[in-house]
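Start at 1 and go down the list; that is how both ligands and their atoms are numbered. No experiment lies behind these values; they were computed from the predicted model shown. Residue numbers count from 1 along this sequence.
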Amino acid sequence: MTEQSPALDNLLTESRTFPPSEDFASRANATADWYAKGDEDRDAFWAEQAHRLHWDTEWSQVVDWSDAPFAKWFVGGKLNVAYNCVDRHVEAGHGDQVAIHWVGEPGDTRDLTYADLKREVSKAANALLSLGVSANDRVAIQLQMVPEAIVAMLACARIGALHSVVFGGFSPSALRQRVDDAEAKVVITSDGQYRRGKAAPMKANVDEALEGAESVEKVLVVRRTGDDLDAEVPWTEGRDVWWHELVDGQSEEHTPEAFDSEHPLYILYTSGTTGKPKGILHTSGGYLTQAAYTHNAVFDHKPGEDVYWCTADIGWVTGHSYIVYGPLANRATQVVYEGTPNTPHEGRHWEIVQKYKVSIYYTAPTLIRTFMKWGADIPAKYDLSSLRVLGSVGEPINPEAWMWYRENIGAERCPIVDTWWQTETGAIMISPLPGVTSTKPGSAQRPLPGISAKVVDDKGDEVGKGGGGYLVLDKPWPAMLRGIWGDNERYRDTYWSRFADQGYYFAGDGAKYDADGDVWLLGRVDDVMNISGHRISTTEVESALVSHPTVAEAAVVGATDPTTGQGIVAFVILRGGAEGGGDEAIQELRNHVAKEIGPIAKPRQIMVVPELPKTRSGKIMRRLLRDVAENREVGDVTTLADSSVMDLISSGLKTGG
Ligand code: WTA
């Protein structure tokens, strides 16, 4: 990558831009001068952001980077994270404001005001204390999207215990691995969860996971599915406690203690390139500062006016930073939905937007493309006029999906913020600012005020406009991970060794600057293909494929090729679930890609498939597709949301030739 690859020149040439409306700009929270402020005096900028929070003790130093890559932010400051997210809003007279409009999958609903939340969190904190949990202990939480999940997280924060939330769909062995690694003392779960209209057991899986788990003393069980669950809820006397039996009877009074700014807040596991998940460690003051700042600036959130909805699951970092900590610190009123987007029908999200007058909607490209597949006539049936800001996160959003989102959900009026960040960064790093930035379909555009990021070549030198390479973060930021739980060496190795000389954090993503200097994310570098010495992003070819009217979704991998090094193999789902894809149609798609990007990007092979293999967080598992493309036996499928997908793909290919 020292030399600019010619292929990168052609990538994502996007000339459409959408400036903010004057009306939006005149009322926007963030203003253009913030960029200069952030550059000129980074410490002063972040100090100002930290004043969004209530500190029991003011800090003496904004950042201490003397022990890099181990950062300390707001050194000497003390605060309570839960107090900041709950109590202070009640004390300021907003106790009656709805914090959470909760919508259950079967259609039951529950509204919690900030006063309700304060009571529930205080009781849960007292309950945890009664179970022997104290500051610095770890509590594992495997819960679906019920209010108790949020209450449990805040209760941990309130008493200084670390939560480790494990996605509800994770297998018993995945849960066990995480419980053991963090040596969790208490596990919080539920009897069962509703999934596509049916009650499925949850506690039974947790029990399977915990067999012989030495650290676990108590299991706290939320009753959710109750009698709807066919199976008996397995119970271990002396260890298991019903949430309602323990929590409901607790005192509503709990005085929050102020903890050090660097007191650990949570561990969240994320998969790395090796088998063992990494326990990403986040701490209190810096994390909450950046979560609150970004939620305010990027979504233009106005407390008491907006209704905010982030569709992520609490099991992922997006749920942590943009359902729990950021929005609640900013006194948001938000929707929390328990179920899947097509239960009981494909208009469920839009029905919810209409009912609660959602004004800020934050979701993932994979879901946007799913909505595209279902058809624009579905959202068209609902009143979406309350929407004013749309967000995207999790993977590069292809311009086609971006435009569909803008036209069919945003009525060509709502700014779209494509937000780049990671579990490790803790909060949004690169994103347009609505009201400031003229947005471009497919580009995350610019590091936020106060944040510094660069695209560099192999040697760590910044590339020029139009150049491509690696995305690095060259300055510490408040919400940055403080390490990998129990493994400082892995922390250094994974993130800080690639550009050790420069002291850059390497994010693992490929990126390029366009002619304006805006950043385009090109996917993980391991997903960048090398065809005849030319680098081509899988994302770019996917984007080209999806821009063809017959294609609903596409995944591209680089398969070993004796002549060209790698050859491009594409898997496509056709619109309307069409089985089709005769030779002629496939030829047309290949030509279409060649036309969009250049002949170098023409896929060697295109296979029409009914589904794509995705992780539970919606990421396409290219590794498995590479196995198919290279005629290997398909590898480990345990992290797939639906493990039968690979059989479906393989059998379809055999019969379909
Ligand atoms: C990818 C999710 C392009 C990226 C918050 C990153 C994105 C990884 C974007 C982190 C985006 C996330 N554009 N790529 N807007 N957002 N990614 O830890 O590859 O689940 O490294 O955090 O997702 O995924 P994670």
- Min heavy-atom dist Trp421 to ligand 1 below 4.0 Å: yes

- With sequence neighbours excluded, residues passing side-chain contact (heavy atoms from CB on, under 4.5 Å) with Val436: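 Here the qualifying residues are Ala32, Tyr35, Leu433.
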
What part of [X], side chain, backbone, both or neither, has a heavy atom within less than 4.0 angstrom of ligand 1?
| X | value |
| --- | --- |
| Thr419 | backbone |
| Leu521 | side chain |
| Glu395 | backbone |

- Message: If we count only N and O atoms by modelled type, under 3.5 Å, do the side chains of Tyr362 and Thr419 hold a donor and an acceptor together?
- Response: yes

- Message: Ignoring hydrogens and geometry beyond distance, is a side-chain donor-acceptor pair present between Thr363 and Thr311 at under 3.5 Å?
- Response: yes

Compute the shortest N/O to N/O distance between [X] and ligand 1 and return yes if it is under 3.5 Å, no if not.
| X | answer |
| --- | --- |
| Glu424 | no |
| Gly394 | yes |
| Thr318 | no |

- Task: Look at the rings of Trp404 and Phe371 and say which category their plane angle falls in: under 30° parallel, 30 to 60° tilted, over 60° perpendicular.
- Result: parallel

- Using the six-membered ring wherever Trp is involved, compare the ring planes of Tyr325 and His163 and label them parallel, tilted or perpendicular (cut-offs 30° and 60°).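 Parallel, since the angle between the ring planes stays under 30°.
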
- For the pair Glu395 and Lys619, find out whether any cationic side-chain nitrogen is under 4.0 Å from an anionic carboxylate oxygen.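 Salt bridge flag = no for Lys619 with Glu395.
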
